[in-house]
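A quick write-up on the structure given underneath.
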There are 2 protein chains.
Amino acid sequence: MEKPATLWDRSRQAVVAEIVDTALTLFAEQGYESTTMAQVATRAGVSQRSLFRYFGTKEDLVCGDQDALGDLLVSTVAAQPAEVSTWDALKAGFVTIVTASDHEPERLLEISRLIFTNPPLRARYFEKRLKWQRALVPVVEQRMGIEPGELPDPRAMGVIVTVFACVDAASELWVRHGGKADPFELYEQALAAVRG
Amino acid sequence: MEKPATLWDRSRQAVVAEIVDTALTLFAEQGYESTTMAQVATRAGVSQRSLFRYFGTKEDLVCGDQDALGDLLVSTVAAQPAEVSTWDALKAGFVTIVTASDHEPERLLEISRLIFTNPPLRARYFEKRLKWQRALVPVVEQRMGIEPGELPDPRAMGVIVTVFACVDAASELWVRHGGKADPFELYEQALAAVRG
DNA sequence: CGCCAGACTGGCAGTCACTGCCAACCTGTC
DNA sequence: GACAGGTTGGCAGTGACTGCCAGTCTGGCG
């Protein structure tokens with residue numbers, strides 16, 4: 001079903017990666033806002049039109065294709081054994097995501113800093129995460145023994161949005177600490193304060 | 001300090017209100033995205049240039065000036081007596097905000113629906129709330145007996161972002177219930193599931 | 001080899017949000 | 001009635017993004 005992996009596909013992958021690379025370099029050099037898509041296109045050696053075909057929006061140059069990670073998150077949470085608490089199941093999902101990210105730590109910090117310091121990027125990131133949250137609703141409901149309804153259950157919603165909010169808070173603090181703090185530790189502290 | 005309230009100020013207020021009114025009408029008629037700022041300007045009887053002077057962005061037509069509400073939130077939380085728990089203090093802040101909103105319930109629902117169904121609007125709303133969260137950090141830190149540092153304390157951050165996340169979840173569910181559910185009840189359920 | 005359908009690319013013109021600039025105007029004051 | 005300060009409107013421009021069309025490149029087929 002998704003085995004082909006043609007040579008063409010791989011070359012496209014390479015092109016995408018190279019574009020992202022030049023974009024991040026430009027953003028680091030002159031900032032996100034003051035870098036235009038035309039610049040990225042020129043330096044990456046593609047037409048502006050094609051650039052917009054690869055990445056629908058400027059934000060996507062940074063926020064990338066989070067859909068795959070979202071699927072991984074959901075399936076990991078769903079795959080946790082029943083005796084694992086909902087909180088631990090969600091945590092396991094996020095741990096899996098972080099370790100599965102194909103960026104080197106250095107670059108991950110740079111990307112995170114970009115996202116947390118540029119409102120439009122942060123907004124886009126937030127938006128993508130909304131989709132993850134929606135996808136998690138049935139999984140968490142089942143895990144909490146709530147039978148699914150037409151609309152999400154407020155209890156399941158509460159748990160999900162809380163975990164995401166704490167992950168977000170920990171990430172922001174991690175970035176603002178310059179990557180020198182342990183993000184998992186920050187997350188644990190935040191959640192501990194919440195759960196009393 | 002802020003007593004003048006000149007006639008001029010009031011007429012400006014009226015102009016702003018009227019623009020918002022026509023904008024919301026247009027959004028309801030043909031949707032947010034497919035309504036242009038030029039249309040709003042024309043129907044409201046101002047030049048496009050002036051429209052952008054009143055509202056810096058298209059989103060601000062809907063998200064309005066949340067800064068005043070943010071100040072109210074912070075001061076209300078800060079004004080809660082010391083024996084009130086942090087959770088209750090934050091809740092009191094939000095209750096104050098909701099009741100202080102000068103929109104009729106019907107319009108409030110309409111605005112909320114706009115925000116929750118249009119990604120750019122939701123993103124902008126989220127962004128404004130980030131400022132509220134930042135402003136709350138010192139207040140909550142003091143209330144939790146944490147001495148303020150250069151960066152926010154993860155525990156205070158956790159509590160703040162959790163409350164915001166649950167308020168957000170409750171609001172979204174309220175909107176998706178067509179305004180027929182009690183938002184405070186939804187909030188209580190969400191938070192109860194979190195705090196166990 | 002020649003041919004052809006399908007996918008990818010590039011350029012071009014257009015839309016829309018948003019901004020800087022400048023001239024016209026309006027308001028209150030001396 | 002002139003004058004200073006703030007307000008408005010038009011105008012031209014930037015930058016993200018899209019639709020359209022023509023050129024190109026590829027793999028299959030006779």
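Note: hydrogens, waters and symmetry copies are ignored here, and every other heavy atom, side chains too, is used.
Checking side-chain atoms of B/N118 against main-chain N and O of B/P120 turns up no donor-acceptor pair under 3.5 Å. A donor-acceptor pair under 3.5 Å is absent between the side-chain atoms of A/R176 and the main chain of B/P152, judged by distance alone.
In this structure, B/R134 pairs ionically with A/E172, as a charged nitrogen and a carboxylate oxygen lie closer than 4.0 Å.
D/dT18 atom C1' lies 13 Å from atom CD of B/E33, rounded to whole Å. Remark: P of C/dC26 and CZ of B/R12 are 18 Å apart, rounded to the nearest angstrom.
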Next item on the list: Kindly determine whether A/E127 and A/R124 satisfy salt bridge (charged side-chain N to carboxylate O under 4.0 Å, His left out), including the steps that lead there.
Entry: CA-CA 5 Å; A/E127 206 179 303; A/R124 183 95 179 96; 3.3 Å; yes
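Residue-level contact check: A/T35 touches the backbone only, with heavy atoms under 4.0 Å from sugar-phosphate atoms and none from bases.
Residues from residues 41-62 of chain B lying near DNA chain D, meaning a heavy-atom separation below 4.0 Å, are B/S47, B/R49, B/S50, B/R53, B/Y54 in numerical order.
Taking the six-membered ring where tryptophan is involved, the planes of B/F126 and A/F126 are essentially parallel, since the angle between them stays under 30° and well short of 60°.
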